[in-house]
Amino acid sequence: MTVETVRLFDETRTDWFSELQPRPIPVRLWVPDGSLEQVPLILLSHGTGGAAEDFDWLAERLNAEGFLVAGVDHYGNTYNGDYLPEGFAFNWERPRDVSFLLNSLIRSQDIDTSRIGAVGFSIGGFTVAALLGAEIDPAIMSAVIDGTVPAPALPEFPDLIPTLRAKLDADALSGAVADGTGTLADSRIRAGFAIAPAIGRLVDQQSLARVSAPFELRWGGADDITPPEDNALVYLEAVPTAQGRCVGDEVGHYDFLGDRDDPWGVRRQVAEDVATFFRGTL
């Protein structure tokens, strides 16, 4: 396995510091040993405030199956850059990042386009669902932004909504929601795996009912950041193709991250589940 990093730029979207600069797309590639002719691909989306490197443990297992793995450090929502309120609130930019990355990889690598999957953690789990057809409900999203509905708790950015509203006026926020709450589905992605997914209550339930690709879920029973009843179980019950299970009543949200101890052995277990899922669906 070889790990490579590259910095791409999406000229169709702007840097939130300056409208004159394109949106940066930092990429981490985990390249399997051996031939890269017609290589299958797994796209990876990290959790809120995290980074692709948090999932070296998962990419290594997927490399062993022969998959090229590529993850984005989502701009404004990664500790490898500045935390920006737009990066935490405008979650629709994440699936756009992944589709942009996919376009770039198809141009630069010999990708087997019939074997492309996506895996994500926390808000990255929503990212995967969005790539399969899930859509944020615009009415609920607007209510969160204007304070009518409480925002999901974010330890990484506890004053998110006040900061966002101080930075952008009502018209700008309304325009952003209108721009981002339609479909972001990418039909090239054939299957998705979500680990402890987030914002289940912000997603339009009818859009979940239209998801037709294989969709697998894993979560921890002690997750108090994305409680399963408001997140993983929402996706599981609404998506017709969804299957999933709890990986332990004692497992918390951050036990899936690679920068800490793994007392329950959950990362090895989930890595095997992810590898088995994509081996069977792609």
Side-chain angles (χ1 to χ4, degrees), residues 2-31 36 39-56 59 67-113 116-132 136 156-157 160 163-164 167-168 172-173 175-189 192:
T2 302
V3 178
E4 301 175 2
T5 58
V6 63
R7 192 171 179 85
L8 306 175
F9 293 90
D10 184 351
E11 301 284 348
T12 69
R13 292 179 290 163
T14 60
D15 182 319
W16 284 316
F17 282 116
S18 169
E19 293 186 358
L20 300 178
Q21 300 296 326
R23 180 179 176 89
I25 310 286
V27 175
R28 188 174 182 88
L29 293 173
W30 296 266
V31 182
L36 289 185
V39 63
L41 171 67
I42 304 298
L43 299 155
L44 187 149
S45 181
H46 64 75
T48 299
E53 66 199 60
D54 296 333
F55 295 91
D56 285 348
F67 290 102
L68 172 66
V69 183
V72 177
D73 281 357
H74 295 286
Y75 174 58
N77 191 241
T78 172
Y79 57 69
N80 285 327
D82 294 306
Y83 280 0
L84 302 174
E86 300 96 328
F88 282 76
F90 298 168
N91 294 310
W92 45 83
E93 300 299 347
R94 288 170 145 264
R96 289 171 173 164
D97 289 345
V98 175
S99 288
F100 176 85
L101 171 57
L102 178 53
N103 291 339
S104 176
L105 290 171
I106 288 174
R107 289 192 299 268
S108 63
Q109 307 284 336
D110 187 7
I111 303 295
D112 182 347
T113 55
I116 299 173
V119 60
F121 166 70
S122 193
I123 195 62
F126 158 76
T127 305
V128 170
L131 290 162
L132 299 183
I136 292 175
E156 298 84 0
F157 208 134
L160 172 60
T163 303
L164 183 69
K167 184 174 182 179
L168 299 174
L173 290 170
V177 171
D179 173 65
T181 51
T183 182
L184 298 165
D186 191 325
S187 62
R188 298 171 296 181
I189 297 172

side-chain hydrogen bond (donor to acceptor under 3.5 Å, both in side chains) partners of Asp73, counting only residues at least two apart
Asn80
Would you please name every residue forming a side-chain hydrogen bond (donor to acceptor under 3.5 Å, both in side chains) with Arg188, sequence neighbours left out?
Asn103, Asp186
Checking Arg96 now: which residues fulfil salt bridge (Lys or Arg N to Asp or Glu O under 4.0 Å) with it, not counting sequence neighbours?
Glu93, Asp179
Can you check whether Glu53 reaches Tyr79 side chain to side chain, under 4.5 Å on heavy atoms?
yes
Gap between atom NE2 of His46 and atom OG1 of Thr78 - 0.5 Å precision
4.5 Å
List the atom of Phe90, the atom of Ala176, and the distance in Å for their closest heavy-atom pair.
CZ-CB, 3.6 Å
For residues 104-111, which side-chain N or O atoms pair as donor and acceptor with protein atoms under 3.5 Å away, sequence neighbours left out?
unit_1	atom_1	unit_2	atom_2	d
Ser108	OG	Ser104	O	3.0
Asp110	OD1	Gln38	NE2	2.8
Asp110	OD2	Gln38	N	2.9

Counterpart residues, side chain to side chain contact (heavy atoms under 4.5 Å, CB included), relative to Pro85 (two or more places apart):
Phe157, Leu160, Thr163, Leu164, Lys167
Where do Phe67 and Leu41 come nearest, in terms of heavy atoms and distance?
CD2-N, 4.1 Å
Please examine the side chains of Tyr75 and Leu84, heavy atoms only from C-beta on, and report whether any two atoms are closer than 4.5 Å.
yes
Ser45 and Gly124 have their tightest heavy-atom pair at OG-CA, 3.4 Å
Pairwise distance CH2(Trp92) to CD1(Ile136) - rounded to 0.5 angstrom
5.5 Å
Looking only at heavy atoms, the pair that brings Asn77 and Gly87 closest together is CB-O, 3.3 Å
For a 4.5 angstrom cut-off between non-hydrogen side-chain atoms, does Thr5 reach Pro26?
no
Taking all non-hydrogen atoms of both residues, which atom of Leu132 and which atom of Ala185 are closest, and how far apart?
C-CB, 4.3 Å
Phe17 vs Asp82 side-chain heavy atoms within contact, under 4.5 Å
yes
Minimal non-hydrogen separation, Pro24 against Phe9, with atom names:
CA-CD2, 3.8 Å
Atom pair CZ/CH2 of Arg28 and Trp30 - distance to nearest 0.5 Å
5.5 Å
Below 4.5 Å, heavy atoms only, C-beta onward: do Leu68 and Val31 meet side chain to side chain?
yes
Rounded to the nearest 0.5 Å, what separation is found between the CG atom of Asp97 and the CG atom of Asp10?
7.5 Å
Are the side chains of Glu4 and Val27 in touch, meaning some heavy atoms are under 4.5 Å apart?
no
Euclidean distance, Arg23 CZ relative to Glu11 CD, rounded to 0.5 Å:
13.5 Å
If the condition is salt bridge (Lys or Arg N to Asp or Glu O under 4.0 Å), which residues does Asp54 pass it with, not counting sequence neighbours?
none
